[in-house]
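Keep in mind that the numbers below use all heavy atoms, side chains included, and drop hydrogens, waters and symmetry copies. Proteins get letters first, then strands, A, B, ... in listed order; numbering begins at 1 in each.
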There are 2 protein chains.
Amino acid sequence: MTEAPAQERGARSRDAILDTATDLMSRHGYAATSISMISAACGLPVSSIYWHFGSKKGIYVAVLERARTTLLAALPPSEVPGADVAQRLDTFLMEVGDAFQRHPRGVKLLLGLGMMGQDASAAAVAEVRQYRDALVDWARDSVSSVFALRDRPEAADELARFTLRMVSGTAVARWFEADTVLDTGPLRVALLALAAHHGVPTRGVPGEDAPTSVVTARE
Amino acid sequence: MTEAPAQERGARSRDAILDTATDLMSRHGYAATSISMISAACGLPVSSIYWHFGSKKGIYVAVLERARTTLLAALPPSEVPGADVAQRLDTFLMEVGDAFQRHPRGVKLLLGLGMMGQDASAAAVAEVRQYRDALVDWARDSVSSVFALRDRPEAADELARFTLRMVSGTAVARWFEADTVLDTGPLRVALLALAAHHGVPTRGVPGEDAPTSVVTARE
DNA sequence: GTCTATACAAGGATAGAC
DNA sequence: GTCTATCCTTGTATAGAC
């Protein structure tokens, strides 16, 4: 059946290299991953790798770029569906926790690879920033949708940052214990409290919890 | 003033090497830091470094060990002083934010160096674990003291984990923007809400007494 | 304890046949 | 596009004089 047009073989190899590099680099970091390691792991000779990517930094940039587009494509729309805050929040948290499980390399790539230091080429730095900015934007849009914060940009910003930092921190924890999951329960409580603290109406959301005073102070 | 007993010179050199290695490794990571870089930066020849530490892993272990003891010595007692929860919480958060400012390498060392992968010697792994466990213990004891959770170990554990993850996540954020500080304000709101959610009495802590905080380091 | 010099392996990268 | 073979640099580590 119609063998590969010889052009497809190239694309296939490119992907294989990228897969291997992503795996190795997200595990060991950029510096600790050598071209020969990649070559040995994916079966293709060193020169093929250079033919496709030109340099080690080239591989790095390509890996990051693909990771970014993949993750962004997998992220749910930042327009979170749901009738009320509680519903949307639960949906959002479920999605975040899910993405955290499915894309264990997201943060690790940013960190492990971001560790290039001064060696970082402009292209690499640009990729890292773009990756991170895309995540920030998505998070802000999402919480903005969840809590209806279109007219409260600072509040949306704070909630988004808070969420992302918790996710990053949990990713760090996963460094040490592989089966760590994102604790969406506490995060839910925290986000609701933060929203309330900002005077955002959450209309009796807490539900089963917090019979006591939940912070309703304002600034 | 007669010269150092020749033995002190050694100790001094050892410290200098350790300082340099700590700086370089926390910035570039373990793999990306070479012995020659350290040698060039601290002025001592490569062989002196090997004389003192035996191997690159040896330097790593020594760096981590010193970082751990230094940080632990700098951490305030986990018995947080204060008449009520509000006072103790503010004290605790101020201390954490302060430590975050003063010891920017804490987490970065754990991460950047922890990235050794399979190369990690047993000694190195042990050091990393010990470092991290010490932090966890301190955090748990502290929040336990703040919220009087001696008889609620699970609650203390959750609050401690939450706090540490936020700190780690903020450390990650600092990766990208150097002047990032720990947002103790939102963290305060979150911890109070979590405590309340666990049914822990916080005796009218919330808003009125504390101006929305901004607890940051001085100096 | 410190220095110079050096052994030896591994890493990044390229040449050129196929 | 892929392979073999190779160049050159850098890195870890050691030897031995002082």
Tell me: CG of A:Leu24 to P of C:dG11, nearest whole Å?
-> 12 Å
Whole Å only: how far is the CD1 atom of A:Ile49 from the C1' atom of C:dT14?
-> 14 Å
Measure from NZ or CZ of A:Arg152 to the centre of the six-membered ring of A:Phe147, then state whether that distance is under 6.0 Å and the direction lies within 45° of the axis.
-> no
Rounded to whole angstrom units, what separation is found between the NE2 atom of A:His52 and the P atom of C:dA13?
-> 16 Å
A:Glu127 vs A:Lys57, salt bridge (charged side-chain N to carboxylate O under 4.0 Å, His left out): CA-CA, chis, key distance, verdict = CA-CA 11 Å; A:Glu127 253 306 318; A:Lys57 284 175 193 167; over 6 Å; no
Pair B:Arg140-B:Asp137, salt bridge (charged side-chain N to carboxylate O under 4.0 Å, His left out): steps then yes or no = CA-CA 5 Å; B:Arg140 188 170 37 222; B:Asp137 286 346; 2.7 Å; yes
To the nearest angstrom, how far is A:Trp51 atom CH2 from D:dG1 atom P?
-> 4 Å
Quick one: closest heavy-atom pair of B:Thr20 and B:Ala41, and the distance?
-> CG2-CB, 3.3 Å
Nucleotides 6-9 of chain D: which of its N/O atoms have a protein N/O under 3.5 Å away?
none

Looking at B:Ser142, B:Pro81, B:Pro76, B:Ser78, which hits side chain to side chain contact (heavy atoms under 4.5 Å, CB included) with B:Phe92?
-> B:Ser142
Specify the separation, in whole Å, of atom CD1 of B:Ile38 and atom P of D:dT10.
-> 17 Å
Protein-proximity profile, nucleotides 11-18 of chain D, B/S/- by nucleotide at the 4.0 Å heavy-atom cutoff, equals SSBBB---
Whether B:Thr70 side chain and B:Arg66 backbone form a donor-acceptor pair below 3.5 Å = yes
Is there a side-chain contact between A:Val61 and A:Phe53 (heavy atoms, below 4.5 Å)?
-> no
B:Tyr30 six-ring centre to B:Lys56 NZ/CZ under 6.0 Å and within 45° of normal = yes
